[in-house]
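Here's the structure, in structure tokens; my notes come after.
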Amino acid sequence: MKVIKLEDIIGTDNEVKGENWTSRRLVLNDVGMGYSVHDTVIKAGTETHIWYQNHLESVYCIEGEGEVETLADNKVHPISANTLYALDKNDEHLLRAKTDMRMVCVFKPALTGREIHDENGVYPLVEA
Ligand code: 9YT
């Protein structure tokens, strides 16, 4: 069994920073579980265009407030603490954070650890 503490990830290579988020990668591909688990903080006031074409992701919000707009149907889903959204159809979406949002993310298949933005279908919204 493994015990992994967030404080042991912060400041290491497994703390990966994107433009709008910081992802602390707790369990990665090398552990051999078939999925990865991340503790991600999304920055307040940001909008991120995300489309994981090669992964399924569940996202459980444990702190903060924002919304997800799914682009296939333009539905806006309010997201706040104790709410999970599951991208079961590799859904392309916009994630908007009103406040900092802390999310526990599970990816299948597992990320290897270095993925940010364009690799693996994450595309940041380019501001005009
Ligand atoms: C919620 C979300 O997908 N944020 C982007 C970062 C991603 N969760 C990651 O790499 O941990």
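Counting convention: from 1, in listed order, for ligands and their atoms alike. Just so you know, these numbers come straight off a predicted model, no measurement behind them.
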Exercise. Backbone N or O of Lys43 within a donor-acceptor pair of the Asn20 side chain at under 3.5 Å?
Worked result: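 No, the answer is negative, given that no donor and acceptor are paired below the 3.5 Å cut-off.
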Problem set entry | Spacing of Cys61 atom SG and Leu84 atom CG [to the nearest 0.5 Å] |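 Answer for the SG-CG pair, Cys61 versus Leu84, is 10.0 Å.
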Sub-4.0 Å heavy-atom approach of [X] to ligand 1:
X	value
Ile42	yes
Met103	no
Tyr60	no

Exercise. Does any non-hydrogen side-chain atom of Val41 lie less than 4.5 Å from one of Glu63?
Worked result: no
Exercise. Between His49 and Leu71, is any pair of side-chain heavy atoms under 4.5 Å apart?
Worked result: yes
Exercise. How is the hydrophobic cluster of Leu56 composed, in terms of its other members, when Ile, Leu, Val, Met, Phe, Trp and Tyr link through side-chain heavy atoms under 4.5 Å apart, directly or indirectly?
Worked result: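 Under the 4.5 Å side-chain rule, Leu56 groups with nothing.
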Problem set entry | For Ser23, atoms of ligand 1 separated by under 4.0 Å from a heavy atom | 9 (C), 10 (O), 11 (O)
For this session: Could you tell me which atoms of ligand 1, counted from 1 in the order shown, lie closer than 4.0 angstrom to a heavy atom of Tyr85?
Result: 1 (C)
Exercise. Which pairs, with at least one residue in residues 61-112 and sequence neighbours excluded, count as a ring-ring contact (aromatic ring centres under 6.0 Å, His included)?
Worked result: His38-Phe107, Tyr52-Phe107, His55-Phe107
For this session: Return a yes/no value for Arg25: is any of its N or O atoms, backbone included, closer than 3.5 angstrom to an N or O of ligand 1?
Result: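 Among all N and O atoms of Arg25, at least one is under 3.5 Å from an N or O of ligand 1.
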Problem set entry | Identity of the nearest option to atom 2 (C) of ligand 1, non-hydrogen atoms only, from His38, Glu57, Met101, His55 | Glu57
